[in-house]
Amino acid sequence: MLLIEQEGQNKMEKTQETLSVLRHSTSHVLAQAVQKLFPEAKLAIGPATDDGFYYDFDMTEGHTFTEEDFEKIEAEMKAIVKQNLTFEKVEVEDVDAKIAEFKAEGEIYKAELLEEHRNDNPTLYLTKDKDGNVLFNDLCAGPHVPNTSYIKGNAFKLLKVAGAYWRGNENNKMLQRIYATAYWNKEDLQAYLTMIEEAEKRDHRKLGKQLDLFSVREEIGGGLVLWHPNLAVVREEIENYWRTEHRKRGYVIVQTPQIAKSKLWEISGHMDHYKENMFFIQKNEDEDEQFVVKPMNCPFHILIYQANRHSYRSLPLRMAELGTVYRKEKSGALAGLTRVQGFTQDDAHIFCTPEQLVSEINEIIDFVSDTMKIFKMDFEVELSTRPESYVGELANWELAEAGLKEAMDKRGMKYDINEGDGAFYGPKIDFKVKDAIGRTWQCATIQLDFNLPERFNIKYQDRDGSMKTPVMLHRVVFGSMERFHGILIEHYAGAFPTWLAPTQVTIVPISTDKHLDYAEAIYKKMRNAGIRVQLDDRSESMNYKIRESLKEHKVPYVCVVGDKEMESNSVAIRKRGVGQVGTLSVDEFIDKIETEIKDKVTE
RNA sequence: GCCGGUAUAGCUCAACGGUAGAGCAACGGUUUUGUAAACCGUAGGUUGUAGGUUCGAUUCCUAUUACCGGCUCCA
């Protein structure tokens with residue numbers, strides 16, 4: 001083996017950019033510690049991630065890591081780091097010999113990786129002590145920090161253990177993955193851990209209970225959501241916005257059945273490509289005619305298209321539906337509102353001519369970005385191209401992908417490309433919404449479909465009188481009501497802006513003896529004005545009521561009324577997160593709230 | 001589906017091989033409050049479900065359902 005001379009080997013800048021180098025180096029220390037404590041552990045891979053790193057181990061004896069193991073491993077890692085070991089990169093000169101060596105050690109995963117990279121000038125990283133003894137070596141392209149003094153014993157932490165398939169393939173053996181993170185100093189690590197705690201506080205499942213928003217019940221089944229009144233109100237507002245915007249943008253709104261005979265799904269091809277995700281129902285115990293609970297709305301919309309003859313003059317036809325679909329998910333896949341089995345898509349299908357394609361895509365992109373602006377959500381865009389298993393003509397796929405690219409390029413949009421990640425029926429643009437703490441969730445998507453129009457043989461009559469197949473676009477703006485509301489809850493940390501807040505105003509009379517009549521009068525006035533207002537007439541202290549409304553229930557406004565307010569026909573206003581904001585007459589306050597609601601103000 | 005974990009009062013959690021306890025919420029009473037938790041009391045549980053081991057299971061074992069952390073998959 002040949003030692004490689006590296007420039008600046010004994011120095012490295014401690015920056016944000018080199019953090020992943022530190023993390024990857026720490027993963028080698030983790031592997032070294034695990035192998036010392038658990039000699040049977042076989043090494044797989046240990047890369048850096050966005051906010052830390054992991055290492056996959058095959059625990060051949062079937063041992064699973066426990067909390068106590070974590071303590072032991074961390075202690076061992078600290079001991080390793082203290083020895084001030086150096087990391088040295090060496091080239092693998094004799095690949096076959098090294099493969100044989102890995103195999104002899106039982107390191108079958110390393111052997112497999114080396115075999116695969118035999119022509120890529122594979123390198124090893126050696127962890128050496130002062131006397132030049134090699135304490136650990138790992139197949140690795142690097143780079144690494146020069147030595148373990150860069151790794152601070154109080155600036156890394158093992159976080160959790162999880163199963164992960166070797167090479168991410170579910171047919172392979174499941175390995176044990178230790179997730180961890182590392183920073184240049186303990187303050188940064190502490191800041192990260194604090195951020196994680198904050199993230200947990202705004203978890204929509206936690207807030208869902210705390211604010212009485214939704215629930216799932218064992219008796220119903222996993223991923224089937226009960227929307228409680230509080231969240232149903234939010235949804236009502238969102239749906240109102242949705243309908244209004246669709247009308248403005250030239251859509252027609254339709255409604256279609258929840259179930260359909262198998263025949264429909266045979267025509268659409270879902271029976272072939274989507275069967276394992278579909279729920280089936282038998283019409284009768286003795287009848288074998290099968291119905292399918294709809295997993296998608298598209299076939300129904302196509303049938304509506306088919307109900308009439310279409311010409312190039314009537315296209316584009318933009319057909320939208322808040323369509324509830326049911327999709328069977330693998331048992332471990334469900335999560336809160338973001339991954340469910342029954343959900344309502346804000347679905348639309350646009351039938352257009354090839355010439356209209358680019359402008360239609362543009363209009364959808366406008367729609368999505370206008371909508372995200374209202375919620376003050378940032379998003380990233382990804383283009384997913386033809387997967388290995390696809391239906392339709394190759395030429396159409398290429399045409400479709402070019403159309404999507406053209407629309408985005410024309411408007412100078414930044415996007416990543418996910419090669420081979422498209423749906424089986426067409427390429428797509430995905431919009432990944434970033435929540436307040438930087439996690440991304442897929443919501444809006446635009447999918448091109450050259451397949452279904454062919455399968456259903458839908459046509460339009462062109463200018464020259466010939467019958468042609470229209471282009472079909474699938475698109476959602478919110479994605480699904482369930483997921484979007486989950487994201488919305490986390491985005492606002494449960495503190496919905498006034499236009500969405502389940503309760504917008506709480507009225508608190510200072511004394512329920514003296515001020516209740518006045519409180520009731522303004523309560524009715526606000527309710528008649530369409531404001532979601534509640535009157536807190538319980539025999540509790542004013543402080544208690546204020547705290548409960550603003551902090552526990554995250555109501556945007558509390559109006560306190562006492563002698564002074566009664567005299568001047570006013571309310572003393574306290575705003576969530578702000579404090580006292582002064583006194584307004586009742587009419588002024590109603591005006592203010594109404595404006596805030598109408599403008600969908602988000603702070 | 002896979003690897004690991006969890007399931008106790010409405011919520012958050014405690015305890016234990018000898019049939020469970022706290023805080024908050026709820027309910028009753030006292031208090032009538034001037035801006036982010038007043039006080040006293042009452043009630044509330046087949047310990048997720050079904051089996052098994054045991055003199056005895058909520059505790060140990062098995063299965064199952066749901067949830068949680070991941071992997072795979074996905075709106």
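Taking the C1' atoms as reference points, U32(B) lies 35 Å from C13(B), given to the whole Å. Remark: the separation of the C1' atoms in G18(B) and C60(B) is 15 Å, to the nearest Å. Atom name C1', nucleotides G10(B) and C73(B): the rounded distance is 35 Å, in whole Å. With C1' as the reference atom, C68(B) and A38(B) are 38 Å apart, rounded to whole Å. Between G5(B) and G41(B), the distance separating the two P atoms is 43 Å to the nearest Å. Comparing the P positions of A14(B) and C71(B) gives a spacing of 27 Å, expressed to the nearest Å. Taking atom C1' in both A15(B) and U8(B), one finds a spacing of 10 Å when rounded to whole Å. Nucleotides U33(B) and A20(B) place their C1' atoms 39 Å apart, quoted to the nearest Å.
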**OP:** Any chance you could list the contact pattern along nucleotides 58-70 of chain B? Use B for base contacts, S for sugar-phosphate-only contacts and - for none, protein heavy atoms under 4.0 Å, 5' to 3'.
**Re:** -------BSSSBB
Original post:
Where along nucleotides 32-42 of chain B does protein come under 4.0 Å, by heavy atom, of base (B) or sugar-phosphate alone (S), with - for untouched nucleotides?
Top reply: BBBBBBB----
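Contact of the Tyr425(A) side chain with the His273(A) side chain is not registered, since no non-hydrogen atoms from C-beta on lie closer than 4.5 Å. Contact check for Arg327(A) versus Phe343(A): side-chain heavy atoms found under the 4.5 Å cut-off. The shortest distance between side-chain heavy atoms of Met377(A) and Leu488(A) falls below 4.5 Å. A 4.5 Å side-chain heavy-atom check between Ser27(A) and Tyr55(A) finds at least one atom pair inside the cut-off.
When both distances must be under 3.5 Å, the Watson-Crick or G-U wobble mate of C16(B) does not exist. Pairing for G34(B) is absent, with no Watson-Crick or G-U wobble pair whose two atom distances lie under 3.5 Å. The nucleotide C60(B) finds its pairing partner in G52(B), both defining distances of the Watson-Crick or G-U wobble pair being shorter than 3.5 Å. The base-pairing partner of U47(B), taking Watson-Crick or G-U wobble contacts with both distances under 3.5 Å, does not exist among the strands shown. Base-pair partner of A66(B): U6(B) (Watson-Crick or G-U wobble, both distances under 3.5 Å).
Rounded to whole Å, atom C1' of C71(B) lies 13 Å from atom CG of Asn171(A). The distance from atom CZ of Phe70(A) to atom C1' of G5(B) is 12 Å, rounded to the nearest whole Å. Summarising the geometry, the separation between CG on Asp69(A) and P on G5(B) is reported as 12 Å, rounded to the nearest angstrom. A75(B) atom C1' lies 12 Å from atom CE of Met372(A), rounded to whole Å. Rounded to whole Å, atom C1' of G1(B) lies 12 Å from atom CD of Glu329(A). For the pair Asp56(A) CG and C2(B) C1', the computed distance is 14 Å after rounding to whole Å. Rounding to whole angstrom units, NZ of residue Lys173(A) and P of U72(B) are separated by 18 Å. For the pair Phe431(A) CZ and C74(B) P, the interatomic distance rounds to 19 Å; values are reported in whole Å.
The pair Asp370(A)-Arg249(A) counts as a salt bridge, with a side-chain nitrogen and a carboxylate oxygen less than 4.0 angstrom apart. Arg538(A) and Glu548(A) are joined by a salt bridge, as a carboxylate oxygen and a charged side-chain nitrogen come within less than 4.0 angstrom of each other.
Within a 6.0 Å radius of NZ in Lys173(A), more than 12 heavy atoms belonging to other residues, nucleotides or ligands are found. Atom CG of Asp517(A) is surrounded by 12 or fewer heavy atoms from other residues, nucleotides or ligands within 6.0 Å.
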Original post:
For Asn569(A) and Tyr518(A), what are the C-alpha separation, side-chain angles and deciding distance, and is it a side chain to side chain contact (heavy atoms under 4.5 Å, CB included)?
Top reply: CA-CA 9 Å; Asn569(A) 197 29; Tyr518(A) 176 64; 3.6 Å; yes
**OP:** Evaluate the criterion ring pair (Phe, Tyr, Trp, His ring centres under 6.0 Å) for residue pair His246(A) and Phe367(A); output intermediate values, then yes/no.
**Re:** CA-CA 9 Å; His246(A) 278 75; Phe367(A) 196 169; 4.8 Å; yes
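Looking at residues 479-487 of chain A, you'll see Gly479(A), Ser480(A), Arg483(A) sit with a heavy atom under 4.0 Å from some atom of RNA chain B.
Residue Lys330(A) is classed as a base contact, given a heavy-atom separation below 4.0 Å to a base. Heavy atoms of Val340(A) sit under 4.0 angstrom from at least one base atom.
When the salt bridge (Lys or Arg N to Asp or Glu O under 4.0 Å) test is applied to Glu40(A), no partner is found at least two apart in sequence or on another chain. Among residues two or more places apart in sequence or in another chain, the ring pair (Phe, Tyr, Trp, His ring centres under 6.0 Å) test is passed with Tyr326(A) by none. Applying the side chain to side chain contact (heavy atoms under 4.5 Å, CB included) test to Val505(A) and every residue at least two apart in sequence or in another chain returns Ile507(A), Met526(A), Ile531(A), Val533(A), Tyr557(A), Cys559(A), Phe589(A), Ile593(A).
Each of Glu170(A) and Gln176(A) lies near RNA chain B, and the nucleotide nearest Gln176(A) is the one positioned closer to the 5' end.
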